[in-house]
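In what follows, chains carry the letters A, B, and so on, assigned in the order in which the sequence lines appear, proteins first and then strands, with residues in each chain numbered from 1. Quick note: numbers below take in every heavy atom, side chains included, and nothing from hydrogens, waters or symmetry partners. Model, not experiment: these values are computed from the prediction.
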There are 2 protein chains.
Amino acid sequence: MTNIRKVAELAGVSVATVSRALKTPDVVSPGTRDKVLAAVEQADYRPNLTAVQFRSQRTRNLVVLVPTIANTFFARVIGGIQEAAQRRGYGILLCNTLGDERTERAYAGLVSTRQADGLIQLRAHDPFTTSSGQARPPMVNACEVLDAAPCPTVKLDNRAAARSVTEHLLALGHCRIGMIKGPRNSPLTRDRLLGFQDALAVAGLLPDESLVFPGDFTPSSGYRAAGDLLSRADPPTAIFCENDEMAMGAMRRIKEAGLRIPEDISVAGFDDIAFASFCDPPLTTIAQPAEDFGREAVALLLDIIDDRDDAADEHRIMPFELVTRESTGPAA
Amino acid sequence: MTNIRKVAELAGVSVATVSRALKTPDVVSPGTRDKVLAAVEQADYRPNLTAVQFRSQRTRNLVVLVPTIANTFFARVIGGIQEAAQRRGYGILLCNTLGDERTERAYAGLVSTRQADGLIQLRAHDPFTTSSGQARPPMVNACEVLDAAPCPTVKLDNRAAARSVTEHLLALGHCRIGMIKGPRNSPLTRDRLLGFQDALAVAGLLPDESLVFPGDFTPSSGYRAAGDLLSRADPPTAIFCENDEMAMGAMRRIKEAGLRIPEDISVAGFDDIAFASFCDPPLTTIAQPAEDFGREAVALLLDIIDDRDDAADEHRIMPFELVTRESTGPAA
DNA sequence: TAGGTGAGTGTAACCGGTTACATTTCGCTG
DNA sequence: CAGCGAAATGTAACCGGTTACACTCACCTA
C-alpha cells in the first residue's frame, strides 16, 4: 500500500506538503504542487479513507433506516436519498430494519460510534436510546413521522391527502366507503384515518368502525381485508386503501368475487407507485414526490451536521396530488 | 467523548487490558474483566469505530452496486444482501448506479481506499479499473453476470429458464410468440433470448427477429413494445416478457386494444415479483429466489475477504421455477 | 542595513485504538 | 525456600493521515 510518506519521499517534500497539495492546493507553490501531483500519479497513491475519517472525525456516511425496502415507495425514497447524498459527497449505509427495534438501535449505534455522521429514519420511531443529557446525534425523520419528533421532519399532510381522496369518492356519490388502513400505532395511519373521517363528517356521515380493516401495506393484506369487507351483508361501494400495494391486493379480491371495478365498487390507493397506472383498471391514488422526500431529508440532515443551526427544527410538508384514474367511478 | 484511556483510568488498569477485556475476554482474569466492564458501563464507553477500522484495516462494510433500486426484483436481492451482511456483522454501502460507469467506479474506489472490504455488483460490468498487476479487490458479481467475470458469480441459468417458459407457451399451441427483451448488450438478455430461440428450434419453428422488441425492464417500455407487437398485420398469440414489470405494461396495452388475456393473447413474465400474483389475470412467470441471490453473494464475498481461498472461483447457479397462472392459456 | 512581513515548507504531536514485547505476579515443584 | 514457567498485566510503538507551530527565506520599508 503506497502511503503519504512514500509520496513525500518521491516528490522530495514533507508529508505535510503532500497533504496540503491535495487538500488545500492554494497554499502550496505551483512548482511543489506539480511535483506532488506527479508523485501521486506515479505511485498511484490514494489516501486511506479510514485514516482520513479517523483523523478528521468525519466519515461522510449517512445511515438510512427503512422499514422495508421491498415497498416500492420506500425504494423510490431511498433512490432520492442516495442521489442527493452522492452529489454532496456522502455515502449511505442502508439498513432494512423490518421494523425491528434492536436492529434499528444497532445501526443507530454506528452514528454514536462515529462510523456515520448522521441518520435518516423512515419510520415513526426514535432509534436512539435517550442517553441522559448528551447531545442527540444528527437525525432526520421522514415519511412516517413521529408526532413529537426530536429532530427535523419531512412528511406529507396525510390527513389532508386522505381527506381529498375521500371527498373524491363522496363526490361520486359513495356513502358507504370501506377503508383498509395500515398497522395500528402508526401516526401515519392515524392521520389518514382522521382525514377519511374528516371528509365523512363534513358530508354529514357518521364514521362506521366496522368498515375499517387493518392491513400491513402488503398486497396480500389488502387482499384479505377486501375479502372481509365484501363478506359483509352490506358491502361498501368504494374502498380507500392506505397504499397502492394493498389497493392492488384488494382489486384482485374484488375481481375474484365477480365484481367489476369501478361499476360495482370503486377502489382508491395512496402513493402512486409505478404500477398504479398499469393495473386494471388504472388506480386512482395520491401522488407523492417520493424521491424529493429523500432529497429533502438529506438536505436537512447535512444542515444539522454542518451545523447551519437554523435548520435544527424544520418540519417540511411535501405536496401531494390526487390522481384520478379509472378505478373510481359513480356509485351504483 | 469517552475513550479507552478514561476507561482504563476508571478501572485502574492499562489501556491494553481494557482492549483485551473487550476483544479477547478469555485472556484477562475474571476480576479485572469485571472491573473493566463496570468502568465501561459507568463511562458509557463505546469504542470509536473509525479508530478500530483504521487500526485493524477492516471496515466490515460492503459496497453494493445496483443498477436501479426501483426495480422490485433488485429491491428483494438487496434485502437478502442486507440481512446476510448484518448477520455476519457487516454493513452495506448502497449505490444506485443507474448504470452509470463513473458512479460505479467512484464507489468501487471505496474498496481501494479501504472504506469497504469488498463489493457486490448486480450488473454485468467490472467497476474496477484494471490496475496493472495489483491484486483485484474482493468482488462478487450477481444477478446480471459478466460472461468472463474476474470473480465469483451468482446467477440463474437464464437460458434454461427462458426455454422453459417458451416450452410452456408452445405446449399451449402458440406458434407465433412475441418477445419483449431487455437492453441490448446485456448477457442476461442475450441468454434469455437464446433460451427462447432454443425452444422454438426444438419445436421446429424458425426464429423471427421481427417478433422481438427491446425494452428496458420498466412497465412503460413493456407497454410501448406491446403496442408495436399488436400493430403488426399478424400479431402474436403470446408474448414472453423478460421481466414482470414489462409484462404488466404489456398487459395494460393489450387490454387497451380491447383484447382479452389469455383468450386472445397470452402473456408470460420473469421474476415473480409480489405483484405478479395480484395483477389481472395473475401472471405466469419464472420464480427466482431473489433474497437467496443476495445471501449467496454475501457468503461468497466474505469467503474471499477472509480468504478461504477455495471460494475464489465459484460460480453458483440458482434454481428457478416456472409458475403458471392465468395469464397464459391455449392458443386461439 | 536592520528589522518586519508573509508565503512556503518542515517537524512532530495527535487522533484512539491494537498488539508485540517486556515485566510482574503467582502457583507449583523439588 | 529457591527456582521456574505460565498467566496476567503494563509499556509503548504503530496505523496514516492532519495540522499547530516553528522555521526559512525572499522581499520590502524606514
Side-chain angles (χ1 to χ4, degrees), chain A residues 1-40 43-61 89 109-117 137, chain B residues 1-40 43-61 89 109-117 137:
Chain A
M1 199 61 190
T2 87
N3 60 21
I4 200 172
R5 273 159 252 274
K6 287 219 193 74
V7 175
E9 200 178 337
L10 218 68
V13 299
S14 73
V15 291
T17 300
V18 174
S19 180
R20 284 189 280 252
L22 294 175
K23 291 229 334 166
T24 49
D26 43 310
V27 305
V28 306
S29 72
T32 344
R33 194 188 315 156
D34 292 346
K35 269 195 299 183
V36 171
L37 293 182
V40 164
D44 188 30
Y45 168 70
R46 316 229 232 137
N48 179 325
L49 277 189
T50 62
V52 175
Q53 292 175 349
F54 167 49
R55 185 59 237 245
S56 55
Q57 300 285 37
R58 269 292 205 94
T59 59
R60 302 189 81 82
N61 282 335
L110 295 182
V111 184
S112 315
T113 54
R114 320 231 153 225
Q115 203 191 135
D117 298 341
Chain B
M1 200 60 192
T2 87
N3 59 21
I4 201 172
R5 272 159 254 275
K6 286 220 194 72
V7 175
E9 200 177 337
L10 217 68
V13 299
S14 72
V15 292
T17 300
V18 175
S19 180
R20 284 190 280 251
L22 295 175
K23 290 227 336 165
T24 50
D26 43 312
V27 305
V28 307
S29 72
T32 358
R33 194 188 315 158
D34 292 347
K35 269 195 300 182
V36 170
L37 293 182
V40 164
D44 187 30
Y45 168 69
R46 318 232 229 134
N48 179 325
L49 278 190
T50 63
V52 175
Q53 292 175 349
F54 168 48
R55 186 57 236 248
S56 54
Q57 300 286 37
R58 269 291 203 94
T59 60
R60 301 189 82 82
N61 282 334
L110 295 182
V111 183
S112 316
T113 54
R114 320 231 152 224
Q115 203 192 134
D117 299 341

K.L.:
Which comes earlier along DNA chain D counting from the 5' end, the contact point of Thr17(B) or that of Phe54(B), where each point is its nearest nucleotide?
P.N.:
Thr17(B)

K.L.:
Between which nucleotides of DNA chain D, 5' to 3', does chain A make heavy-atom contacts below 4.0 Å?
P.N.:
dG16(D) to dA20(D)

K.L.:
Is any side-chain heavy atom of Gln53(A) less than 4.5 Å from a side-chain heavy atom of Arg60(A)?
P.N.:
no

K.L.:
With heavy atoms under 4.0 Å as the rule, sort Thr32(B) into base, sugar-phosphate or nothing.
P.N.:
sugar-phosphate

K.L.:
Between atom CZ in Arg33(A) and atom P in dA7(C), what is the gap in whole Å?
P.N.:
15 Å

K.L.:
Do you see a donor-acceptor pair shorter than 3.5 Å between the side chains of Gln115(A) and Asn48(B)?
P.N.:
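No - no donor-acceptor pair under 3.5 Å links their side chains.
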
K.L.:
Going by heavy atoms in the side chains, are Arg114(B) and Leu49(A) under 4.5 Å from each other?
P.N.:
no

K.L.:
Just so I know, are the side chains of Ile4(A) and Ser19(A) near enough to count as touching, which here means a heavy-atom distance under 4.5 Å?
P.N.:
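A side-chain contact under 4.5 Å exists here.
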
K.L.:
Please tell me if the side chains of Arg33(A) and Val36(A) come closer than 4.5 Å, counting only heavy atoms from C-beta onward.
P.N.:
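Side chain of Arg33(A) against side chain of Val36(A), heavy atoms only: no contact under 4.5 Å found.
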
K.L.:
Once you apply a heavy-atom cut-off of 4.0 Å, does Ser29(B) come out as touching a base, just sugar-phosphate, or nothing?
P.N.:
sugar-phosphate

K.L.:
Please report the end-to-end axis angle for the helix from dT1(C)-dA30(D) to dG30(C)-dC1(D), five pairs per end, rounded to 10 degrees.
P.N.:
60°

K.L.:
Looking at every heavy atom in both Ala43(A) and Leu10(A), which two are closest together, and how far apart are they?
P.N.:
CB-CD2, 4.2 Å

K.L.:
Would you check if the side chain of Thr17(A) reaches a backbone N or O of Val13(A) as a donor-acceptor pair within less than 3.5 Å?
P.N.:
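Checked: no pair found.
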
K.L.:
Please compare Pro30(A) and Ala16(A) by the position of their nearest nucleotide in DNA chain C and report the one closer to 5'.
P.N.:
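In this pair, the answer is Pro30(A).
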
K.L.:
Might you confirm whether atom CD of Glu9(A) has over 12 heavy atoms from other residues, nucleotides or ligands at distances under 6.0 Å?
P.N.:
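Not more than 12 within 6.0 Å, no.
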
